[in-house]
Every structure is written in structure tokens, then in C-alpha cells.
Trainee: 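Got a structure here, written out as C-alpha cells. Questions coming.
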Amino acid sequence: MPGASPRGTYLVISEKLRQRIKADASGEALPSEADLMREYGVSRNTVRRALKVLEADGLVRSLPGAGWRIVRGGDRRSLAERMSDLITEESLSVGDPYPSEAQLCERFGASRTAVRRVLAQMEGNGVLDTVHGKGRTVRALPTRAVRP
């Protein structure tokens with residue numbers, strides 16, 4: 001990839017792969033990691049980080065010996081969208097407790113790292129507030145962000 005990205009190269013690659021997946025409804029597999037490395041001119045670690053973002057969002061999964069497969073059907077929203085929508089789905093109000101990391105991991109089938117990443121985004125956006133020893137509470141109702 002030419003030039004450094006202020007967003008993080010792996011995030012740029014994950015977004016390009018996300019668009020590729022949405023555009024090709026018939027595809028079942030992504031190119032190999034080696035092919036993606038050559039295509040984007042990046043290291044294997046960068047490609048894996050990009051794929052892990054898509055995996056956390058439920059778009060792809062790794063099958064040992066078979067590579068990365070596209071997940072079809074089911075809930076196609078990103079983990080961030082599903083965690084934000086949880087406030088509305090559970091009819092939570094400002095000041096109500098938000099589910100714990102463990103509960104979120106179990107509910108969404110996501111890793112603790114992925115859940116923590118989204119929680120940090122939600123805190124940064126002012127949706128959640130954290131009180132040490134008490135957990136997270138809803139600080140404001142989320143607004144629906146439109147993805148570019």
C-alpha cells in the first residue's frame with residue numbers, strides 16, 4: 001500500500017476487504033494471506049490484523065487448513081453496531097448498567113479483545129461511562145452512525 005495511513009494500514013485493508021465481500025455475494029473464500037500480502041504490499045501480521053477485525057465483526061472465520069471463509073447469512077451487522085443496538089433492544093436508559101465484558105463475549109460470540117475495543121469506542125463517543133469497581137453505565141443513547 002502506498003503511503004502510511006493515519007487510520008492504521010490494517011484498518012484500511014479490512015475496510016477494502018469488507019467492501020469486496022459485500023460486492024461479491026457468490027464468493028465463499030478470501031484469497032490466501034500470502035496473496036493478500038502481495039496485493040497490498042504489507043506484512044503477514046498486517047494482513048492477519050485486518051482479517052481479525054473482520055472476524056470480530058462476524059464477516060469471516062478461519063478454518064484450519066482451508067483459509068479464511070466468508071460467513072453468509074445471520075446477523076451481518078458489525079460488533080460495534082450490535083453492541084450499540086443492545087441499548088435499544090434491552091430498553092436501557094441513561095444511568096442503567098451496561099452488560100459486563102463476559103456477558104458481551106458470550107452473547108455475541110466475540111473475543112474479549114474485540115469487545116474491549118468496541119467498549120472503548122463507545123466510551124470515547126460518550127455513550128458509556130465507566131466507574132471503577134461498579135462497571136459501565138449508559139451515559140447517552142447512541143446515534144446511528146452511517147458507515148462511509
Side-chain angles (χ1 to χ4, degrees), residues 1-92 96-130 135-136 138-148:
M1 286 194 77
S5 166
R7 260 190 89 205
T9 303
Y10 76 100
L11 291 172
V12 173
I13 293 171
S14 70
E15 195 58 39
K16 289 182 182 205
L17 291 172
R18 182 185 313 276
Q19 292 169 0
R20 182 187 294 184
I21 290 168
K22 287 181 181 179
D24 182 17
S26 63
E28 292 191 20
L30 290 176
S32 69
E33 289 179 4
D35 289 341
L36 291 171
M37 288 168 48
R38 280 189 292 278
E39 180 178 340
Y40 294 107
V42 296
S43 70
R44 183 175 302 272
N45 187 47
T46 302
V47 167
R48 284 187 177 160
R49 287 182 73 187
L51 292 168
K52 288 292 185 183
V53 169
L54 298 177
E55 182 179 41
D57 288 345
L59 292 176
V60 299
R61 65 183 172 153
S62 175
L63 294 174
W68 291 89
R69 299 291 184 231
I70 298 170
V71 175
R72 298 289 179 196
D75 193 347
R76 300 296 305 249
R77 296 176 297 165
S78 71
L79 180 60
E81 290 169 323
R82 290 183 286 158
M83 286 176 58
S84 264
D85 291 347
L86 176 69
I87 294 172
T88 307
E89 292 166 6
E90 298 290 324
S91 301
L92 298 177
D96 287 347
Y98 193 76
S100 69
E101 289 177 7
Q103 291 169 327
L104 294 167
C105 290
E106 184 176 330
R107 179 175 184 150
F108 297 115
S111 70
R112 188 171 292 266
T113 302
V115 166
R116 284 182 176 168
R117 177 178 51 90
V118 174
L119 288 170
Q121 289 173 348
M122 291 174 76
E123 288 171 359
N125 292 336
V127 174
L128 296 179
D129 195 18
T130 302
R136 291 178 177 84
V138 177
R139 182 175 179 188
L141 299 180
T143 56
R144 196 66 157 148
V146 177
R147 195 174 271 218

Trainee: The criterion is salt bridge (charged side-chain N to carboxylate O under 4.0 Å, His left out); which residues satisfy it with Arg69, sequence neighbours excluded?
Mentor: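 Listed in chain order: nothing, the list is empty.
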Trainee: Which pairs with one or both residues in residues 118-130 pass salt bridge (charged side-chain N to carboxylate O under 4.0 Å, His left out), sequence neighbours excluded?
Mentor: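 Residue pairs passing salt bridge (charged side-chain N to carboxylate O under 4.0 Å, His left out), neighbours aside: Glu123-Arg136.
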Trainee: Mind checking what makes salt bridge (charged side-chain N to carboxylate O under 4.0 Å, His left out) contact with Arg38, not counting sequence neighbours?
Mentor: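 Testing Arg38 for salt bridge (charged side-chain N to carboxylate O under 4.0 Å, His left out), a comparison that skips the adjacent residues, returns Asp35.
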Trainee: Measure the CZ-CD distance between Arg48 and Glu55 for me, rounded to the nearest 0.5 Å.
Mentor: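 Result: 12.0 Å between the selected atoms.
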Trainee: By side chain to side chain contact (heavy atoms under 4.5 Å, CB included), which residues pair with Gln121, not counting sequence neighbours?
Mentor: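 Residues passing side chain to side chain contact (heavy atoms under 4.5 Å, CB included) with Gln121: Ala80, Arg117, Val118.
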Trainee: Under the salt bridge (charged side-chain N to carboxylate O under 4.0 Å, His left out) test, which residues partner Arg116, sequence neighbours left out?
Mentor: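 Expected list: Glu101.
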Trainee: State the CZ-CD1 distance between Arg139 and Ile87, to the nearest 0.5 angstrom.
Mentor: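 One gets 12.5 Å once the value is rounded to the nearest 0.5 Å.
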Trainee: Among all residues two or more places apart in sequence or in another chain, which pass the salt bridge (charged side-chain N to carboxylate O under 4.0 Å, His left out) test with Glu90?
Mentor: Arg107
Trainee: For the atom pair CG (Leu119) and OH (Tyr98), what is the distance rounded to the nearest 0.5 Å?
Mentor: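 That separation rounds to 6.5 Å.
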Trainee: Looking at every heavy atom in both Arg112 and Cys105, which two are closest together, and how far apart are they?
Mentor: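 Looks like CA-SG, 3.5 Å.
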Trainee: Could you pull out all residues at least two apart from Ser100 that satisfy side-chain hydrogen bond (donor to acceptor under 3.5 Å, both in side chains)?
Mentor: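 Here the qualifying residues are Gln103.
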Trainee: With a cut-off of 6.0 Å (strictly less than), are more than 12 heavy atoms of other residues, nucleotides or ligands near CZ of Arg61?
Mentor: no
Trainee: What residues form a side-chain hydrogen bond (donor to acceptor under 3.5 Å, both in side chains) with Ser62, not counting sequence neighbours?
Mentor: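 Here no residue qualifies.
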Trainee: I need the minimum non-hydrogen distance between Ala140 and Gly126, along with the two atoms involved.
Mentor: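 Where Ala140 meets Gly126 most closely, the heavy atoms are CB-O, 3.6 Å.
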Trainee: Just to verify, what does Pro97 make a side chain to side chain contact (heavy atoms under 4.5 Å, CB included) with, not counting sequence neighbours?
Mentor: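 Side chain to side chain contact (heavy atoms under 4.5 Å, CB included) check on Pro97 returns nothing, list empty.
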Trainee: What are the two closest non-hydrogen atoms of Leu30 and Val60, and how far apart are they?
Mentor: CD1-CG1, 3.7 Å
Trainee: Once rounded to the nearest 0.5 Å, what's the spacing between atom CG of Leu17 and atom CG of Leu36?
Mentor: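 It is 5.5 Å, given to the nearest 0.5 Å.
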